[in-house]
Number of protein chains: 2
Amino acid sequence: MAEKVTLFAVAERAGVSIATVSRVVNGLTTNGPTEEKIRRAIDELGYEPNSAARALRVNASDQICLALPDLNNPVYQAMTRGVQRGFKLSKYRLMLSPSLSTTEEVILQLKSLGRNYADGVILSSLVFDEEIEKILSTLRIPVVLVGGAIDRPKYDNIRVDSERGVGMAVDYFFSAGRKKILFLNGPWITNPAKRRKEGFLESMRSHQIKNPENYIANAKAFNPKAAVEALSGIKKLNQFSAILCANDLLAAGAIKFLSGRKIKVPDDIAVIGIDNTDLAGLLTPTLTSVDFKAEYRGELAAKYLLERLENPNLPIKKTIIEPELIIRESA
Amino acid sequence: MAEKVTLFAVAERAGVSIATVSRVVNGLTTNGPTEEKIRRAIDELGYEPNSAARALRVNASDQICLALPDLNNPVYQAMTRGVQRGFKLSKYRLMLSPSLSTTEEVILQLKSLGRNYADGVILSSLVFDEEIEKILSTLRIPVVLVGGAIDRPKYDNIRVDSERGVGMAVDYFFSAGRKKILFLNGPWITNPAKRRKEGFLESMRSHQIKNPENYIANAKAFNPKAAVEALSGIKKLNQFSAILCANDLLAAGAIKFLSGRKIKVPDDIAVIGIDNTDLAGLLTPTLTSVDFKAEYRGELAAKYLLERLENPNLPIKKTIIEPELIIRESA
DNA sequence: CCTCATCATGTAAACGTTTACATGAATTTC
DNA sequence: GAAATTCATGTAAACGTTTACATGATGAGG
């Protein structure tokens, strides 16, 4: 382990003051003949500025925090990639919060942001209540919300038109003459689940279906196994001609389950997923899915945050992503 | 935005010195009656310690850096989850480096670690040369290597017995009477590709196959599309009775490609993947795959790093993960 | 040639903690 | 009951930067 080299060491070696070195490092001074000396000293000593000292002095960490529910879900993996890409060329480092499923976890995470180790945060939470809202308002760093359920007028915001997306899928089923649609939803507490459910009910009603709430099943989690479990519990599965799944993982589970029961997809039952993750093209049959453009949302969130960090007085930006139905074999 | 609250504010409010407050915050003092006062002041003011100041003073950032090649690859997603889990209960925050594919990117990332924004690093690199080795040796923070190609005696190290894993797959094919095996490898520059190739050659030779190097195809990337491209270029595909893929994504592409050509998997051609990612159970047919336990490796890497941070003088730990062949339908 | 502006550089304070050391009160010990 | 010990608290320095201000050199303008 080499001993640590600070501005002092460089200054001494170059025969100047630390202030001058600092200015050269930050490009605040035009090149006197000194600059050359200093640069050489920096190279020879292998000087690297100390982030903590800088952070303390200028009150900026050059880090941003990405707070997500769950890295098991490919949709958040995609979002993470987008965010990563969005920050790639910036000076900011990316912190990954641990998975935040419950309100308590979100709160804890947000509170810890008060320690100013991050200059901004991108928050995508499954839950969103007054308590979280309250903590958000005490944060002294910019926040970009992605997929916040309710309209939050105070924060840059990237939402998805869940209702519309679900509606597109339902419409597509109907246009193919499939009217007996089962909606396989995720855990009902989460915001996406609520929104998607609303979308489903509304859309079904618009097609003159009575009591659409009878055609909803809830999986215990957003994963294939939970889908299989949920579907196993349904008595008269063959009354349905289509299944809309709240997520591609559920759809993957559904397809597995159906083919295990010798039910043909899409001939007997068509299946549509949501999120259009990488998975969709790899399943058999390939999965028709509603694309909510997670990666793009991540990238856009990064862009919004960068812009706000650049200029905190910008007007609040809100974007609603238009979903797109990507048609493949399963429906 | 609330004004910032420091130790001074708390101290003033509680009528004590900042040193006392600091000690209470860090639990260095048994509860006098003062503690109560201080805790109340902290609560009322909503004090949170400033990470940068602390980091500067104690020369520790409470952050660790995870440096990975590519978040598109499910194997690194799994590893990330493992690392996340491993650090969940610790005080450390997790930084995610941008994707590091080339040597230059790795070097740049490692250099930037000299700014001590991280107390340790978990590095999993596709490439590993002297230059990287040199920079590693100048780092003043502990490093855990996961999947470093060559033995690096100086660093905690979690490797996988690639050769053995590939051998298991080959053996399994042979035991099923499939001797005409194609190895669909990834980009040849990367370390995993080299190791897996070696394993394939060696294993094939042990089964008395001459010139096994003739049975290797290289995909341009570790993804399904590249697999399809590579397989399209092979003239007499039906001479083979089995395909071993260097990665589950390649296997997914292979299965798609084969079923597109009406070649039955596994009846006509059996397929085995590597990594046993979440994907494996969702494909049709489900994918037999060599499990290299990526998530576990991530978790173990976190554990090793934590232990070393705790006690820097520990002897170097090396672990070689035993692969396991998870048999499903595709072979 | 004097004045004034310009500019690179140096001086020193500040950012918010932690911690070695000093102090004095409370408690123990003989 | 005096001496010794323990322990909570306070004082102040230090961590490595950035930056407002002062200083002195240089060049321009009259």
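To find a chain, count down the sequence lines: A is the first, B the second, and so on, and within it residues start at 1. The figures that follow rest on heavy atoms only: side chains count, while hydrogens, waters and symmetry mates do not.
Distance B/Y117 OH to D/dG16 C1': 18 Å, rounded to the nearest Å. The CG-P distance, from B/L28 to C/dT17, rounds to 15 Å in whole Å. For the pair B/F8 CZ and C/dT17 P, the interatomic distance rounds to 9 Å; values are reported in whole Å. Across the protein-nucleic acid pair, B/R54 atom CZ and C/dC15 atom C1' stand 17 Å apart, rounded to whole Å. Straight-line distance from the CG atom of A/N50 to the C1' atom of D/dA14: 13 Å, rounded to whole Å. Rounded to an integer number of Å, the gap from CD1 of B/I42 to P of C/dT17 is 10 Å. Between the P atom of D/dT17 and the CG atom of A/L56 lies a distance of 12 Å, rounded to the nearest Å. Between A/L7 atom CG and D/dT17 atom P there is a gap of 4 Å when expressed in whole angstrom units.
Residue contacts shown for B/N59 are absent, as no nucleic acid heavy atom lies under 4.0 Å away. Among the protein residues, B/S22 comes within range of the nucleic acid bases, having at least one heavy atom under 4.0 Å from a base atom.
Salt-bridge formation is detected for the pair B/R40/B/E36: a Lys NZ or Arg NE/NH1/NH2 atom is positioned less than 4.0 Å from an Asp or Glu carboxylate oxygen. Between A/E307 and A/K317, at least one side-chain N (NZ, or NE/NH1/NH2) sits under 4.0 Å from a carboxylate O, which counts as a salt bridge. Salt bridge present: A/E35 and A/R39 bring a charged side-chain N and a carboxylate O closer than 4.0 Å.
Helical stems in DNA chain C, defined as runs of 3 or more consecutive Watson-Crick or G-U wobble pairs with donor-acceptor distances under 3.5 Å: C:1-30 with D:1-30.
Applying the 4.0 Å criterion to OP1 and OP2 of C/dT11, one finds that A/S17 has every side-chain N and O outside that range.
Side-chain atoms of B/E105 come within 3.5 Å of backbone N or O of B/S101 as a donor-acceptor pair.
Closest approach of A/L309 to A/P142, counting heavy atoms only: CD2-CG, 3.7 Å.
Heavy atoms from other residues, nucleotides or ligands lying under 6.0 Å from NZ of B/K293 number more than 12. Residue-environment remark: NZ (A/K134) stays at or below the threshold of 12 foreign heavy atoms within 6.0 Å. Annotation for A/K111: atom NZ does not count as buried by contact number, only 12 or fewer foreign heavy atoms lying within 6.0 Å.
When the nucleotides D/dT19, D/dG16, C/dT17 are ranked by their closest atom to the side chain of A/V58, D/dT19 comes out on top.
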Could you list the protein-to-nucleotides 20-23 of chain C atom pairs, N/O on both sides, closer than 3.5 Å?
none

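For A/T6 and B/T20, each mapped to the nucleotide of DNA chain D holding its nearest heavy atom, the one lying further toward the 5' end belongs to B/T20. Residue whose closest nucleotide on DNA chain C sits further toward the 5' end, between A/I18 and A/T29: A/T29.
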### Task
Would you check, one step at a time, whether the test side-chain hydrogen bond (donor to acceptor under 3.5 Å, both in side chains) holds for B/Y92 with B/S61?
CA-CA 8 Å; B/Y92 293 96; B/S61 61; over 6 Å; no
